[in-house]
Amino acid sequence: MQLHNTASGRKEPFVPQNPERVTMYVCGPTVYSYAHIGNARPAVVFDVLARLLRRRYPRVDYARNITDIDDKINAAAAKEGVEIGVITARFAAAYHEDLAALGVAPTDFEPRVTEHLPQIISMIERLIASKHAYAAEAHVLFSVASYPDYGQLSKRDPRELLAGARVEVAPYKKDAGDFVLWKPSPPELPGWDSPWGRGRPGWHIECSAMAEALLGDTIDIHGGGHDLVFPHHENERAQSTCAHGGAVFSRYWLHNGFLTMDSEKMSKSIGNVLLVREILKHAPGEAVRLALLTGHYRQPLDWNDEALADARRKLDRLYGALRDTADVAPATDAVAPDAFLAALDDDLNTPAALAELFELARALNKAESADDKARLRAQLLDAGSVLGILQADPAAWFSHSTAAGSVSNEEIDRLVAQRAEAKKARNFAESDRIRDELKARGILIEDSAQGTRWRSIN
RNA sequence: GGCUCGGUGGCAGAGUGGUGAUGCAGGGGACUGCAAAUCCCCGUACGUCGGUUCAAUUCCGGCCCGAGCCUCCA
């Protein structure tokens, strides 16, 4: 298996530190609002990676945090006049709902900042003791100058960062590039007691502390969106490495590319932020998931109506092959083909893996013997399970209707029966009229050897 | 300005130093009462200008265009 490591800028063979226990940490959401489709990409991508790793190794410890201490959360809570816990509980639950709809399996760990204050404080104390951090005016700052490797992950020149040309430098900072590990909280804001007074953790320290607590000093894989490379991951790396006496923090850094909306960056100022739950009102979660896996995870992905419609048609084809062989029990000993797994093993090449899936579907459509059908069907289902798709009942997929006020199943059955009568009487004008009527209402009729069937085209 | 990463057929999107994935759309055929689904066949695709090479879409360099990051945004 090969993975592209941001730290080296190359694909590298993936060799876990301990093959008995692979560890992966992915940066999760700050829960102050609903997840948008860009937030969903890393969740889906690293879900596929976790599935692949679980197939390869006996134990995978996958942690994805929920950040529940943050200034934006404070702002949202103040606006509603509630405790921050009200806000974070609401949006953490929404996040879970959205991910479940996208077929993202729960992670092994889901640490929260509010549950790790002692660990965070302990790590900051150790950084101060080792002179990698200093307290100043109720803040604690990480000293970038104390870590010569700073900037290596994001390929940035440390001197420039120390100079901080673009940044307004707080007076208590020794160097412009120093960043906050702990900051004071005024009485009206949430705060926690610490050796430096009542305050709250800075943005980056949480992930370092929680990864340490759950996965150890050195983790195998650290993932997140490409925008996190700097400063978030650069800072995490600095903190953790220094807190651990120089031990490597993450052996492989993986970053997914950004999502654009109709070729534009998704941003609140442009007003093109698309929430996962909005999309799910008009499209099956599985299609959203597949759309996110259509491109390679490191490439930018443009989100638009056509991309989603494309994903639905792909699933129509794949589920079509499964539906046509619904009477065949999958072989129990057949697994995803080597070519499919090899594609994923090559830095999670989902487009190439998908191509193998379509080859399987074609072979399954052509298969004549029961043995071939049973084998190919099992292979297709198993391959689908690695990508987290194709596990639903094909009949459910094709009857899935997202159009409001569509025809009831009873009415469809009645019209199909009427049409069958007309056909039997060779009254084709009438049977075609019924078919056209159903089509106009979003139902497509298909006559097959097994009888007439239908599917929703909305 | 600095640092990343891209520009592949109508669209999406892999990949490769020499036999041009895959899906959708499109054309032809088989099947069908007609369709749909399925199967078969069909595309002078690799931003641009140079260089290296027997051979470059694939390697190197310039240029043009696009995306992202440059201190709390996945």
Nucleotide nearest [X] when distance is taken to its side chain, options [options]:
X	options	result
A:Trp203	B:A36, B:A14, B:C72	B:C72
A:Thr294	B:A14, B:G13, B:U22	B:G13
A:Phe230	B:G33, B:C70, B:A74	B:C70
A:Asp447	B:A35, B:G2, B:A74	B:A35
A:Asp70	B:A37, B:G23, B:C72	B:C72
A:Arg435	B:A35, B:U71, B:C72	B:A35
A:Arg317	B:U71, B:C39, B:A67	B:C39
A:Gln299	B:A74, B:G6, B:A12	B:G6
A:Lys366	B:A74, B:A35, B:C39	B:C39
A:Asp310	B:C70, B:C24, B:A14	B:C24

Salt bridge (charged side-chain N to carboxylate O under 4.0 Å, His left out) pairs touching residues 35-48 of chain A, sequence neighbours excluded, are A:Asp47-A:Arg51, A:Asp47-A:Arg289
For [X], report the nucleic acid contact type (base, sugar-phosphate, nothing); a contact means any heavy atom under 4.0 Å.
X	answer
A:Phe358	sugar-phosphate
A:Arg419	base
A:Glu306	nothing
A:Asp227	base
A:Glu356	nothing
A:Arg298	nothing
A:Asp71	nothing
A:Gly320	nothing
A:Lys183	base
A:Ser431	base
A:Ser448	nothing
A:Ile445	base
A:Leu259	base
A:Asn365	sugar-phosphate

Presence of [X] side-chain N/O under 4.0 Å of [N] phosphate oxygens OP1/OP2:
X	N	value
A:Arg362	B:C40	yes
A:Lys173	B:U71	no
A:Asn349	B:G15	yes

inquiry  = Quiz question: going by heavy-atom distance under 3.5 Å, is there a donor-acceptor pair between the base of B:A74 and the side chain of A:Arg41?
reply    = no
Report yes or no: is there a donor-acceptor pair, N or O only, under 3.5 Å between the side chain of A:Asp432 and the base of B:G33?
-> yes
Quantified in whole Å, what is the [atom1] atom distance between nucleotide [N] and nucleotide [M]?
N	M	atom1	answer
B:C60	B:U52	P	16 Å
B:U19	B:G26	C1'	26 Å
B:G18	B:A55	P	14 Å
B:C34	B:C41	P	24 Å
B:A67	B:U32	C1'	49 Å
B:G15	B:G7	P	10 Å
B:G23	B:C39	P	9 Å
B:A12	B:C3	P	30 Å

Round to a whole Å and report the spacing from [atom1] of [X] to [atom2] of [N].
X	N	atom1	atom2	answer
A:Leu376	B:C39	CG	C1'	15 Å
A:Tyr297	B:G6	OH	P	12 Å
A:Lys423	B:G33	NZ	P	8 Å
A:Asp324	B:U38	CG	P	8 Å
A:Asp347	B:A14	CG	P	12 Å
A:Asp346	B:U22	CG	P	18 Å
A:Ile389	B:G23	CD1	P	14 Å
A:Leu318	B:U38	CG	P	10 Å

Below 4.0 angstrom, N of the basic side chain to O of the carboxylate: do [X] and [Y] qualify?
X	Y	result
A:Asp436	A:Arg433	no
A:Lys424	A:Glu421	no
A:Arg453	A:Asp324	yes
A:Asp316	A:Arg313	no

Walking RNA chain B from its 5' end, the first of A:Arg455 and A:Thr260 to be reached, judged by nearest nucleotide, is A:Arg455
Assert: residue with more 5' nearest nucleotide on RNA chain B, out of A:Gly225 and A:Gly9, is A:Gly9
Are the side chain of A:Lys174 and the backbone N or O of A:Val144 linked by a donor-acceptor pair below 3.5 Å?
-> no
CZ (A:Phe249) and CD (A:Glu212) are apart, to the nearest 0.5 Å, by 9.0 Å
Between the NE2 atom in A:His233 and the OG atom in A:Ser154, the distance rounded to the nearest 0.5 Å is 11.5 Å
| query | Any side-chain heavy-atom pair from A:Leu53 and A:Tyr62 closer than 4.5 angstrom? | reply | no
Exercise. Below 4.5 Å, heavy atoms only, C-beta onward: do A:His222 and A:Cys27 meet side chain to side chain?
Worked result: yes
Only residue of A:Thr350, A:Asn256, A:Asp347 satisfying side chain to side chain donor-acceptor pair (under 3.5 Å) with A:Tyr297 is A:Asp347
Centroid separation under 6.0 Å, is that true for the rings of A:Phe91 and A:Tyr34? yes
Parsed dot-bracket for RNA chain B after applying the Watson-Crick and G-U rules with both distances under 3.5 Å and | for other-strand partners is (((((((..(((.....[...))).(((((.......)))))....(((((..]....))))))))))))....
